[in-house]
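Here the structure is a predicted model, which is why all the values come from computation and not from measurement. Numbering of ligands and ligand atoms starts at 1, following listing order.
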Amino acid sequence: MHKESMHVLHVVGARPNFMKAAPVMRALDERQQVRQSLVHTGQHYDANMSDIFFTQLDIPAPDVNLEVGSGSHARQTAEIMSRLEPVLIERKPDIVLVYGDVNSTVAAALVCSKLLIQVGHVEAGLRSFDSSMPEEINRIVTDRLANLLFTPSEDGDENLQREGVAPEKIYRVGNVMIDSLIRLLPAAMQCVKNGLPERYALVTLHRPSNVDDRATLNSILDSLLKVSERLDVIFPVHPRTRQRIAEFGADGARIHLLDPLPYIEFLALQRRATVVITDSGGIQEETTYLGVPCLTLRSNTERPVTVTAGTNTLIGPDNGKLHSELAKILEGKAKSGTIPPLWDGHAGERIAEILCQLPVQRDC
Ligand code: UD1
């Protein structure tokens with residue numbers, strides 16, 4: 001007997017979710033018996049943190065925007081939960097897909113679990129083992145609740161199995177964010193920014209542990225000033241960091257501070273960078289794919305494969321290490337890396353295939 005189509009509802013909220021959801025939505029779109037809807041929580045709401053990503057990644061406009069905006073962790077998470085619940089009750093999806101490790105991810109997973117709606121977590125199993133990171137709490141709770149766990153790399157499977165997740169719930173599909181990178185790299189190659197220096201360090205910073213504490217941020221900014229004596233520093237500033245830099249009055253003249261950049265423009269800058277200095281998670285992966293040296297201003301990473309296989313080096317709190325690693329890169333002695341397995345542009349398709357083969361699901 002013909003059953004109605006499977007309804008997959010995606011929940012996204014913050015900038016790094018968008019490039020992960022895009023390839024999954026695209027792959028499901030090609031399957032005729034799947035109906036999709038998209039909920040944007042509104043965690044990120046500035047045009048250059050959200051709208052421009054929808055345009056460049058060719059994501060359809062959200063069916064619902066919960067418009068939660070900013071707030072403390074508890075308030076933001078609670079707002080997402082209470083605004084999402086009636087949407088899910090009304091729309092009755094067969095499965096909800098959540099992405100990454102932001103507050104929108106964990107909030108949606110919690111609501112679905114209580115409503116007995118299946119949850120698929122895309123980018124499951126990553127662990128920094130640092131519970132002072134809000135994202136680590138989000139990862140652990142989301143993975144504990146999810147019914148389907150789509151991992152990007154082997155370490156993800158190992159972490160989940162160690163935590164007692166049944167192996168049949170774990171699907172190693174590869175890295176969906178790299179799907180978006182591969183698709184839009186040609187556009188990034190065409191994107192020429194006038195007046196770009198020959199060699200430059202591309203910097204991003206937004207982790208609370210780096211930017212919320214005055215002494216830590218000032219020490220990082222001092223270090224960046226020192227870096228800028230050796231090469232130009234291009235620094236697209238996350239709103240959170242911009243606020244802090246303004247508050248601390250630590251703006252440095254030789255550092256080029258920009259507004260947050262669209263996806264393609266940022267990818268273009270990454271590809272041509274001499275070195276990327278960051279505390280982001282996703283950028284550690286993108287630089288590994290691009291073969292660009294990455295110095296990560298953190299003591300740990302939930303993406304260890306970028307260090308063991310890729311071009312990433314953890315700097316930790318020691319600014320001396322930043323300068324010694326930078327010196328190696330400038331002398332042409334950067335570590336070389338390889339691209340991890342399944343970071344091949346087809347992770348979204350693998351997820352679509354798995355969803356369509358679920359035993360209880362419809363004929364797609
Ligand atoms: C969030 C994610 C983080 C991710 C980052 C990517 C959580 C816990 N953190 O951090 O994992 O790496 O997104 O960007 O979910 N703001 C704006 N405009 C916006 C959004 C935020 O001005 O569109 C400002 C607000 O002052 C806000 C602050 O940035 O208070 C922080 O935003 P928030 O969503 O709480 O976390 P992020 O630091 O962006």
Minimum side-chain heavy-atom gap [X]-[Y] below 4.5 Å:
{"X": "L97", "Y": "L9", "answer": "no"}
{"X": "D46", "Y": "P239", "answer": "yes"}
{"X": "P93", "Y": "L88", "answer": "yes"}
{"X": "C112", "Y": "N147", "answer": "no"}

Practice prompt. Tell me, yes or no, whether the heavy-atom count around E198 atom CD, taken from other residues, nucleotides or ligands under 6.0 Å, exceeds 12.
Written response: no
Worksheet entry | Flag if over 12 foreign heavy atoms under 6.0 Å of CZ, R183 | yes
Heavy atom of the protein closest to [atom] (residue, atom name, distance):
{"atom": "atom 2 (C) of ligand 1", "value": "V102 CG1, 3.7 Å"}
{"atom": "atom 16 (N) of ligand 1", "value": "Y45 OH, 3.5 Å"}
{"atom": "atom 6 (C) of ligand 1", "value": "P16 CD, 3.5 Å"}
{"atom": "atom 8 (C) of ligand 1", "value": "N103 OD1, 3.3 Å"}
{"atom": "atom 26 (O) of ligand 1", "value": "Q243 NE2, 3.0 Å"}
{"atom": "atom 34 (O) of ligand 1", "value": "Q43 NE2, 3.2 Å"}
{"atom": "atom 18 (N) of ligand 1", "value": "D46 OD2, 3.0 Å"}
{"atom": "atom 27 (C) of ligand 1", "value": "S70 OG, 3.2 Å"}

Salt bridge flag under 4.0 Å for residues [X] and [Y]:
{"X": "D344", "Y": "R350", "result": "yes"}
{"X": "E135", "Y": "R139", "result": "no"}
{"X": "R303", "Y": "E285", "result": "yes"}

Location of contacts on [X] toward ligand 1, heavy atoms closer than 4.0 Å:
{"X": "S50", "value": "neither"}
{"X": "R240", "value": "both"}
{"X": "E135", "value": "side chain"}

Sub-4.0 Å atoms of ligand 1 with respect to non-hydrogen atoms of [X]:
{"X": "M49", "result": "23 (O)"}
{"X": "P239", "result": "16 (N), 17 (C), 18 (N), 22 (O), 24 (C)"}
{"X": "H206", "result": "4 (C), 5 (C), 6 (C), 12 (O)"}

Worksheet item: Any N or O of N138 that comes nearer than 3.5 Å to an N or O of ligand 1?
Response: no
Discussion item. Is the distance between the ring centroids of H10 and F18 under 6.0 Å?
Written reply: no
Fill in: Candidate with minimal heavy-atom separation from atom 32 (O) of ligand 1, of H44, R15, R75, R207
H44
